[in-house]
Amino acid sequence: MVINISELQNDPSIKGWLYTIEGVGFLFGAFLIKYIAREQTYVKWMYGLTCFIAFTQLSLYFAHVKWVSLVSFGLFGICVGCFFPMIATIFQTSVPKLYHGRFFSFKNMFDRVTFQVVLLATGFLLDTIGLEYMVVLFGVLSLLLIVYTMFRKKEAVLKGERAQIFIKDHEKM
């Protein structure tokens, strides 16, 4: 994507700026999340961060404008810098210590395979439909996944509440 943005803007120096701004954003996000998130709000933060990530993907539709691509990469870096430490904390606290080795080994393998698939899909889509439509596709897919998981979570909570009501009703009998 960075190479494509560089070609789109006809500016080879933008590559360095994009990587620098994204990296600084990542470091800032990792530092920031340490001070602002509490365990009770991790899920809300994760939904918010994934929405911002989807927004940064969609905003790259205007990658031909230099400042838009710089801001997009900066926001993406901040969001990912917040997201990864938070998800690691959630996994470390919710997975029993007995299973840490197997779980994190599997997670590492899954992440590597997923990264390769996304890398292949990104290259294929850049070559076939172009940067503008690819980032719109990724952004829309991200938003759809967010909405889907939110509804699934809400549905699970409602089912859990119904089960509790059902148990209480049977206890009264």
Side-chain angles (χ1 to χ4, degrees), residues 1-33 36-37 41-91 103-156:
M1 284 178 52
V2 172
I3 294 169
N4 210 316
I5 291 171
S6 173
E7 291 171 356
L8 183 68
Q9 294 182 5
N10 199 21
D11 181 12
S13 68
I14 192 73
K15 290 183 258 185
W17 284 108
L18 291 174
Y19 284 126
T20 301
I21 288 176
E22 183 181 15
V24 169
F26 188 92
L27 293 172
F28 179 73
F31 178 76
L32 183 69
I33 200 66
I36 58 175
T41 63
Y42 279 159
V43 174
K44 291 178 185 177
W45 271 97
M46 288 177 59
Y47 280 126
L49 291 169
T50 51
C51 285
F52 269 111
I53 289 170
F55 169 73
T56 61
Q57 291 169 341
L58 289 169
S59 68
L60 282 175
Y61 181 79
F62 304 104
H64 59 277
V65 180
K66 186 179 280 193
W67 71 268
V68 172
S69 57
L70 293 171
V71 169
S72 295
F73 270 72
L75 283 174
F76 179 80
I78 292 170
C79 292
V80 172
C82 292
F83 187 84
F84 283 127
M86 193 180 328
I87 198 74
T89 301
I90 290 170
F91 285 151
F103 174 78
F104 286 107
S105 176
F106 174 76
K107 181 186 172 306
N108 189 22
M109 288 186 298
F110 182 77
D111 288 347
R112 287 177 185 215
V113 170
T114 305
F115 177 75
Q116 294 300 318
V117 170
V118 169
L119 193 61
L120 285 170
T122 301
F124 174 75
L125 291 172
L126 280 171
D127 290 341
T128 56
I129 64 175
L131 176 72
E132 292 87 3
Y133 295 115
M134 184 199 70
V135 293
V136 169
L137 177 68
F138 280 4
V140 168
L141 284 175
S142 297
L143 289 173
L144 289 175
L145 282 170
I146 294 165
V147 169
Y148 175 75
T149 57
M150 288 175 76
F151 282 123
R152 289 287 301 215
K153 181 174 173 28
K154 184 104 171 151
E155 184 179 302

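Since the structure is predicted, the reported quantities are computational estimates derived from the model, not experimental observations.
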Heavy-atom closest contact (L58 atom, V140 atom, distance): CD2-N, 4.1 Å

Spacing of F52 atom CZ and S72 atom OG [to the nearest 0.5 Å]: 12.0 Å

Donor-acceptor under 3.5 Å (E22 side chain, F76 main chain): no

Between CD1 on residue I129 and CZ on residue F124, distance to nearest 0.5 Å: 8.5 Å

Smallest separation among heavy atoms of Q9 and S69, with atom names: NE2-OG, 3.1 Å

Gap between atom CD1 of I3 and atom CG of L8 - 0.5 Å precision: 13.5 Å

F26 and F84 aromatic ring geometry - parallel, tilted or perpendicular at 30°/60° bounds: tilted

Residues, nucleotides or ligands: over 12 heavy atoms within 6.0 Å of F104 CZ: yes

Stepwise side-chain contact (heavy atoms from CB on, under 4.5 Å) check, Y42 with T89: CA-CA 10 Å; Y42 279 159; T89 301; 3.7 Å; yes

Chi angles and distances behind the side-chain contact (heavy atoms from CB on, under 4.5 Å) call for I21, V71: CA-CA 8 Å; I21 288 176; V71 169; over 6 Å; no

Nearest atoms (heavy-atom pairs only) where I146 meets C51: CD1-N, 3.6 Å

Residue I36 excluded, over 12 heavy atoms near CD1 under 6.0 Å: yes

Atom pair CG (D11) and CD1 (I5), whose distance is rounded to the nearest 0.5 Å: 11.5 Å

Taking every non-hydrogen atom, the tightest pair across M1 and L126: N-CD1, 3.9 Å

Y61, OH: over 12 other non-hydrogen atoms inside 6.0 angstrom: no

Heavy-atom side-chain contact between L75 and F55 under 4.5 Å: yes

Student check: side-chain heavy atoms of I33 and W45 closer than 4.5 Å: yes

Reported CG-to-CG distance for the pair L120 and L125, which is rounded to 0.5 angstrom: 10.5 Å

Distance in Å, C82 SG paired with I53 CD1, rounded so as to fall on 0.5 Å steps: 9.0 Å

Parallel, tilted or perpendicular: rings of F106 and F110 (30°, 60°): parallel

Main-chain N/O of L145 paired to T149 side chain as donor or acceptor, under 3.5 Å: yes

Stepwise side-chain contact (heavy atoms from CB on, under 4.5 Å) test for H64 and F62: CA-CA 5 Å; H64 59 277; F62 304 104; 4.2 Å; yes

Check against side-chain contact (heavy atoms from CB on, under 4.5 Å), F138 and L60: CA-CA 10 Å; F138 280 4; L60 282 175; over 6 Å; no

For the student: nearest non-hydrogen atoms of S142 and Q57, plus distance: OG-OE1, 2.9 Å

Atom CG of N108: over 12 foreign heavy atoms under 6.0 Å: yes

Beyond-backbone contact of N4 with M134, side-chain heavy atoms, under 4.5 angstrom: no

